[in-house]
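One structure below.
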Amino acid sequence: MTHSEKMRLVRAVAMTLFWLALVVAVTMALLPHPPRLPIDRFGDKFEHMLAFATLTLLADFAFPTAPRLRIAERLSFLGALIEVTQSIPSLHRDCDIRDWIADTLAILVMAAVLTVWRGARKAVSNHATLH
């Protein structure tokens, strides 16, 4: 399998996982009574940060040519949209700006980690090519 074929496979898997994770995250956020999960003991903000850090990671691999800041902006907007939607009374959920802030912080931290990681990989690759 060539490098190009491997990258296409990684992108296809990441794309599938991204859309699956997105559907699960939005569904869990909008269910009137979401099921209890083992990670509930870490708190609501942890769940938000885990969900959006995961979405950011998957989006980075699923959409490798998209600017990382565009991915961050769109995911942050999704977080805000979820919070606004949670204000619908029949959902029995709470709209909390702190949840959106937690989402956005997780997105930005993961985007920064990915930027550093990809930069380091590129530097190692360039160094190996020179020697």
Side-chain angles (χ1 to χ4, degrees):
M1 181 178 276
T2 67
H3 177 70
S4 179
E5 291 170 332
K6 287 179 188 175
M7 293 312 297
R8 274 195 296 272
L9 179 61
V10 166
R11 182 172 183 239
V13 169
M15 181 84 65
T16 301
L17 291 174
F18 171 77
W19 288 111
L20 180 62
L22 183 82
V23 167
V24 169
V26 170
T27 300
M28 292 294 285
L30 299 181
L31 283 174
H33 304 288
R36 298 279 177 221
L37 299 173
I39 64 169
D40 287 349
R41 69 176 185 248
F42 298 114
D44 180 55
K45 302 303 178 268
F46 176 81
E47 292 171 338
H48 278 265
M49 295 179 92
L50 179 62
F52 279 88
T54 301
L55 287 170
T56 305
L57 176 67
L58 292 172
D60 192 72
F61 282 92
F63 308 103
T65 59
R68 204 163 281 123
L69 277 178
R70 180 173 295 149
I71 290 172
E73 173 239 343
R74 304 250 165 108
L75 288 174
S76 178
F77 181 74
L78 173 66
L81 189 60
I82 287 170
E83 291 308 312
V84 169
T85 306
Q86 285 181 339
S87 69
I88 297 171
S90 62
L91 290 179
H92 305 288
R93 302 296 296 257
D94 295 318
C95 175
D96 185 350
I97 193 169
R98 293 171 298 181
D99 289 343
W100 172 71
I101 291 169
D103 300 342
T104 302
L105 284 174
I107 292 163
L108 293 173
V109 167
M110 181 56 75
V113 167
L114 288 164
T115 298
V116 169
W117 179 71
R118 290 204 188 265
R121 281 182 46 111
K122 188 174 182 176
V124 167
S125 176
N126 288 342
H127 181 73
T129 304
L130 294 175
H131 295 286

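Computed from a predicted structure; not experimentally measured.
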Worksheet item: In this structure, are over 12 heavy atoms from other groups packed under 6.0 Å from L9 atom CG?
Response: yes
Worksheet entry | Positive for side chain to side chain contact (heavy atoms under 4.5 Å, CB included) with I82, one of D99, V26, D103 | V26
Worksheet item: Are L75 and F63 connected in the hydrophobic side-chain network, where two residues link if heavy atoms are under 4.5 Å apart?
Response: yes
Worksheet item: Are L114 and V10 linked, directly or through other ILVMFWY residues, by side chains that come within less than 4.5 angstrom of each other?
Response: yes
Worksheet item: Around R98, counting heavy atoms of other residues, nucleotides and ligands shown, do more than 12 lie under 6.0 Å from its CZ?
Response: no
Discussion item. Is there a side-chain contact between M49 and L105 in this structure, where contact means two heavy atoms from C-beta onward sitting under 4.5 Å apart?
Written reply: yes
Practice prompt. Check step by step if side-chain contact (heavy atoms from CB on, under 4.5 Å) holds for F61 and V13.
Written response: CA-CA 9 Å; F61 282 92; V13 169; over 6 Å; no
Discussion item. Quick check on the hydrophobic clustering: are V84 and L22 connected, directly or via other members, by side-chain heavy-atom contacts under 4.5 Å?
Written reply: no
Worksheet item: Taking the six-membered ring of F18, is the NZ or CZ of R11 close enough (under 6.0 Å from the centre) and on axis enough (within 45°)?
Response: no
Discussion item. How close do Q86 and D94 get, counting heavy atoms only, and between which atoms?
Written reply: OE1-O, 3.1 Å
Worksheet item: After noting the C-alpha distance and the side-chain angles of H48 and E83, does the key distance pass the side-chain contact (heavy atoms from CB on, under 4.5 Å) rule?
Response: CA-CA 11 Å; H48 278 265; E83 291 308 312; 3.4 Å; yes
Worksheet item: Closest heavy-atom contact between S87 and C95?
Response: CB-CB, 3.8 Å
Worksheet item: Side-chain heavy atoms under 4.5 angstrom apart, residues restricted to Ile, Leu, Val, Met, Phe, Trp, Tyr: same cluster for L17 and M110?
Response: no
Practice prompt. Consider only side-chain heavy atoms of I, L, V, M, F, W and Y, link residues closer than 4.5 Å, and tell whether I107 and W19 are in one cluster.
Written response: yes
